Novice: 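Structure below; questions to follow.
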Amino acid sequence: MDTDEDLLREKDLVLIGFMGVGKTTIGRALANKLQWDFIDIDEEIEKTYSMPTSQIFQTIGEDAFRAKEKDMIKNYTGIEKLKIISVGGGAFLQDETKKLCLSECIVIFLDISWEVWQDRISLLVDSRPVLQGKTIDEMEKLFYDRQSTYKDHHFRVKTDDYSIDETADFIVDSILKK
Ligand SMILES: Nc1ncnc2c1ncn2[C@@H]1O[C@H](COP(=O)(O)OP(=O)(O)OP(=O)(O)O)[C@@H](O)[C@H]1O
Ligand SMILES: O=C(O)C1=C[C@@H](O)[C@@H](O)[C@H](O)C1
Ligand SMILES: [Mg+2]
């Protein structure tokens with residue numbers, strides 16, 4: 001098990017990337033390996049409103065969700081204990097959030113190809129409001145349009161050929177210890 005002393009990088013880690021790339025699942029695995037705290041911003045917002053994201057979008061709307069997302073990220077990056085923060089797939093659409101994370105944290109872009117992502121659609125569509133009602137072509141357009149949102153980061157990790165555990169191990173060994 002890695003102790004904090006073994007790790008050369010001592011800032012919160014922020015995971016970014018398209019919805020379904022694995023920010024939540026890989027983030028949780030990473031936090032377990034490091035024995036760091038794990039915060040999933042979508043889950044924190046869901047707890048605040050006591051409803052799933054799709055319902056939040058329906059009842060208070062996307063703008064209010066985005067405002068809460070921005071505040072939540074600002075609050076969590078201010079806390080001292082080292083942690084992994086998984087942000088929502090749209091969090092970096094907000095410039096203020098992007099700048100804050102890039103200056104205060106280590107930002108890791110989890111990068112998945114469209115080809116591999118397509119196989120996960122059935123896992124995602126019910127719980128991701130921005131996918132609901134979209135055709136496959138519209139999802140593909142959103143996927144490629146969103147790539148520019150993730151272009152500012154400290155490290156990019158390609159996930160296509162790796163399991164959740166392998167990706168988490170790679171981040172510990174190749175990024176945190178370098
Ligand atoms: N190799 C893999 N790496 C990561 N996730 C994988 C992998 N293979 C399958 N999955 C599955 O893909 C899904 C990834 O979803 P997850 O909720 O972690 O994505 P996310 O990036 O947090 O999405 P969102 O931005 O919507 O919160 C999970 O159901 C996970 O089990
Ligand atoms: O990419 C997006 O816009 C989103 C991704 C999810 O993580 C959630 O934050 C929400 O479903 C919106
Ligand atoms: Mg997530």
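Order of appearance sets the numbers: ligands from 1, and atoms from 1 within every ligand. Given the structure is predicted, the values throughout are model-derived calculations rather than measurements.
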Novice: Determine whether any heavy atom of F65 lies closer than 4.0 Å to an atom of ligand 2.
Specialist: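 Contact present.
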
Novice: So, regarding T25 and ligand 1 (criterion: nitrogen or oxygen to nitrogen or oxygen, under 3.5 Å), is there a contact or not?
Specialist: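 Right, the criterion is met.
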
Novice: Before signing off on this row, confirm whether Y162 and ligand 1 have an N or O atom pair separated by under 3.5 Å.
Specialist: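 Yes - when backbone and side-chain N and O of Y162 are compared with those of ligand 1, one distance drops under 3.5 Å.
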
Novice: Is ligand 1 less than 4.0 angstrom away from at least one heavy atom of G20?
Specialist: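 Flag set, G20 near ligand 1.
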
Novice: For atom 6 (C) of ligand 2, tell me which residue out of T149, D42, V87 has the closest non-hydrogen atom.
Specialist: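 Comparing heavy atoms across T149, D42, V87, the nearest one to atom 6 (C) of ligand 2 lies in D42.
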
Novice: Starting from atom 2 (C) of ligand 1, locate the nearest protein heavy atom and write down its residue, its atom name and how far away it is, to 0.1 Å.
Specialist: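 The answer is R120 NH2, 3.3 Å.
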
Novice: Specify whether an N/O/S atom of M19 falls short of 2.8 Å from the Mg ion (ligand 3).
Specialist: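 So M19 does not count as coordinating the Mg ion (ligand 3).
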
Novice: Identify the protein heavy atom lying closest to atom 12 (C) of ligand 2, giving its residue, its atom name and the separation to 0.1 Å.
Specialist: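 Looking at atom 12 (C) of ligand 2, the protein heavy atom closest to it is R66 NH2, 3.9 Å.
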
Novice: Tell me whether K23 has any N or O atom under 3.5 angstrom from an N or O of ligand 1.
Specialist: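 Such a contact does occur with ligand 1.
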
Novice: Tell me: protein heavy atom nearest atom 29 (O) of ligand 1, and distance?
Specialist: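 Checking every protein heavy atom, the shortest distance to atom 29 (O) of ligand 1 gives L123 CD1, 3.7 Å.
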
Novice: Below 3.5 angstrom, do we get any N/O pair linking I26 and ligand 1?
Specialist: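 N/O-N/O distance below 3.5 Å does not exist for this pair.
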
Novice: Near Y162 OH, under 6.0 Å, is it more than 12 heavy atoms from other residues, nucleotides or ligands?
Specialist: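 Count not over threshold, so no.
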
Novice: Compute the minimum heavy-atom distance from Q132 to ligand 2 and say whether it is under 4.0 Å.
Specialist: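 Outside the 4.0 Å threshold, so no.
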
Novice: For R146 and ligand 2, answer yes if some heavy atom of the residue is under 4.0 Å from a ligand atom, otherwise no.
Specialist: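 In this structure, R146 qualifies as a contact of ligand 2 - some heavy atom is under 4.0 Å.
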
Novice: In the protein, which heavy atom is nearest to atom 4 (C) of ligand 2, and how far is it?
Specialist: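 It is G90 N, 3.9 Å.
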
